[in-house]
Number of protein chains: 2
Amino acid sequence: MATHGKRTKIEDIRRIELIAAAHRVFLEHGLHGMTSARICREAGMSPGILAYYFKGKDEVLFGMVRYNNRLLMEDVIARLKAARTGWERLEAIVEGNFPASAFTQPIANAWLSVCAEAGVNPQYARLQRLFYRRLRSNLASVFEEMAAESRLREAGFIIAALIDGLWLRKAAADDLGRDEAIALVFGGIRSLMTNGEEQRLRHPEG
Amino acid sequence: MATHGKRTKIEDIRRIELIAAAHRVFLEHGLHGMTSARICREAGMSPGILAYYFKGKDEVLFGMVRYNNRLLMEDVIARLKAARTGWERLEAIVEGNFPASAFTQPIANAWLSVCAEAGVNPQYARLQRLFYRRLRSNLASVFEEMAAESRLREAGFIIAALIDGLWLRKAAADDLGRDEAIALVFGGIRSLMTNGEEQRLRHPEG
DNA sequence: CAGAATCTTGTATGAGCGTACAAAAATCTT
DNA sequence: AAGATTTTTGTACGCTCATACAAGATTCTG
């Protein structure tokens with residue numbers, strides 16, 4: 001306290017508190033249920049406070065997405081740094097796509113609500129890109145690094161879609177857990193990587 | 001006109017017209033953009049007409065989903081009847097999951113908006129189940145029929161998730177066409193079905 | 001055609017939302 | 001402590017939406 005370096009300003013504190021509250025509300029009620037009033041109540045503040053610290057609700061929204069991405073990425077970045085083999089990198093990224101305590105139905109739904117709104121509101125489309133590329137682009141890069149054949153780039157495409165599909169299923173049916181989801185992804189990876197070009201399914205036309 | 005058998009009542013006509021209009025609005029504007037006023041305008045009627053023929057907006061919504069499922073199923077059912085081999089059945093179902101002129105970004109988004117709302121509103125959850133199982137259950141049955149090994153049931157799970165993931169990607173990035181999507185699914189099917197149990201990816205732990 | 005039944009319109013009402021803002025409370029400055 | 005500044009509150013306005021409803025238009029019936 002002897003230092004007279006800049007103390008953390010109240011403005012920053014409040015902004016972070018509000019964004020964290022917005023994040024909690026978002027995960028519980030989805031994008032549509034994330035109202036200004038609810039955010040303020042969740043943060044234990046008065047309804048009007050939001051307009052004082054933010055230009056509008058959109059600013060809170062974008063801040064919330066950045067906050068969310070930071071939370072998601074922290075774990076993965078640490079594991080990626082420690083990873084030595086390509087396989088370890090792949091493991092880190094795949095498991096990072098299913099965060100330990102975040103693969104739940106409400107969160108899957110919240111995530112989907114952003115995707116859904118992106119089609120109508122172009123501003124949400126930017127937001128969507130941030131969400132969509134959380135860890136996906138890393139996945140693609142590792143995949144290409146592990147095997148640069150053009151055929152395996154298709155495989156990366158398939159695995160990315162598989163991961164999304166499992167989240168979608170989590171949101172819709174909620175009939176699988178985190179470990180099962182990860183096992184399915186690695187099952188898909190195994191099949192795709194051990195398969196040669198020449199193999200074909202028996203097929204009437206062939 | 002000589003017959004005095006029941007003529008199609010106006011009530012039925014209007015209900016169908018309104019549901020069809022609701023369907024068009026839904027595909028263009030998503031669930032959230034499907035307002036009563038827009039539905040009536042799309043149907044060329046007065047704003048208040050909806051309350052006369054339906055108990056509420058929910059009734060229109062459910063009718064719209066049934067209408068949608070009927071449209072989707074008609075083509076598939078016809079192809080399934082004509083199919084002789086298991087492969088043909090599989091083709092019919094997979095391609096039925098990507099209807100010729102319906103694999104578009106707006107439609108993908110509209111579909112997602114139902115999934116997203118299902119997590120918050122329990123009434124939409126029922127709706128979601130109808131949507132989700134459109135063709136999925138058929139897929140599973142054909143998969144199990146073609147090869148009843150328990151390992152391939154997992155494969156059916158993966159393929160179903162893959163299909164959903166491709167729709168999600170369509171909504172989010174819109175960077176693939178119908179043919180590419182179908183090709184990717186069959187690529188996944190090929191890999192999964194030609195792979196034996198014993199094969200494993202080289203892995204430090206193994 | 002007259003009267004009844006049905007269908008359609010346009011508008012009104014109330015709820016929920018984002019946002020603006022005046023006033024109150026708290027904090028800082030001298 | 002007194003005034004200035006920052007922070008917080010509570011409320012009010014304008015907007016969009018679902019729904020209800022009175023009044024008008026149309027069709028049916030005798």
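The chains referred to below are lettered A, B, ... by the order of the sequence lines, with proteins before strands, and numbering in each begins at 1.
Taking the ring centroids of A:Phe186 and A:Trp87, they lie under the 6.0 Å cut-off.
Rounded to a whole Å, the CG atom of A:Leu31 is 13 Å from the P atom of C:dC17. Put simply, OH on B:Tyr52 is 18 Å from P on D:dG24, counting in whole angstrom units. Atom CD1 of B:Ile39 is separated from atom P of C:dT8 by 17 Å (rounded to the nearest Å). Here the P atom of nucleotide C:dC7 and the CZ atom of B:Arg15 are 13 Å apart, to the nearest Å. The CZ-C1' distance, from A:Phe54 to D:dT7, rounds to 15 Å in whole Å. As a whole-Å value, the separation of A:Lys9 NZ from D:dT7 P is 10 Å. To the nearest angstrom, C1' of D:dT8 lies 8 Å from OH of A:Tyr53. Separating the CD atom of B:Glu11 from the P atom of D:dT27 is a distance of 18 Å, rounded to the nearest angstrom.
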If a protein heavy atom is under 4.0 Å from the base, mark B; if only from the sugar-phosphate, S; if neither, -; do that for nucleotides 15-22 of chain D going 5' to 3'.
--SSSB--
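Ion pairing between A:Arg169 and B:Asp164 fails under the 4.0 Å rule for side-chain N and carboxylate O.
When distances are taken from the side chain of B:Ser46 to each of D:dT9, C:dT8, C:dT9, the shortest belongs to C:dT9.
More than 12 heavy atoms of other residues, nucleotides or ligands lie within 6.0 Å of CD in A:Gln105, so this atom counts as buried by the packing criterion.
B:Ala78 meets the side chain to side chain contact (heavy atoms under 4.5 Å, CB included) test with no other residue; sequence neighbours excluded.
Residue pairs that meet the side-chain hydrogen bond (donor to acceptor under 3.5 Å, both in side chains) test with at least one member in residues 39-60 of chain A, sequence neighbours left out, are A:Arg15-A:Glu59, A:Arg24-A:Glu42.
Taking both residues in full, the closest heavy atoms of B:Cys40 and B:Ile49 are given as SG-CG2, 3.6 Å, listed atom of the first, atom of the second, then distance.
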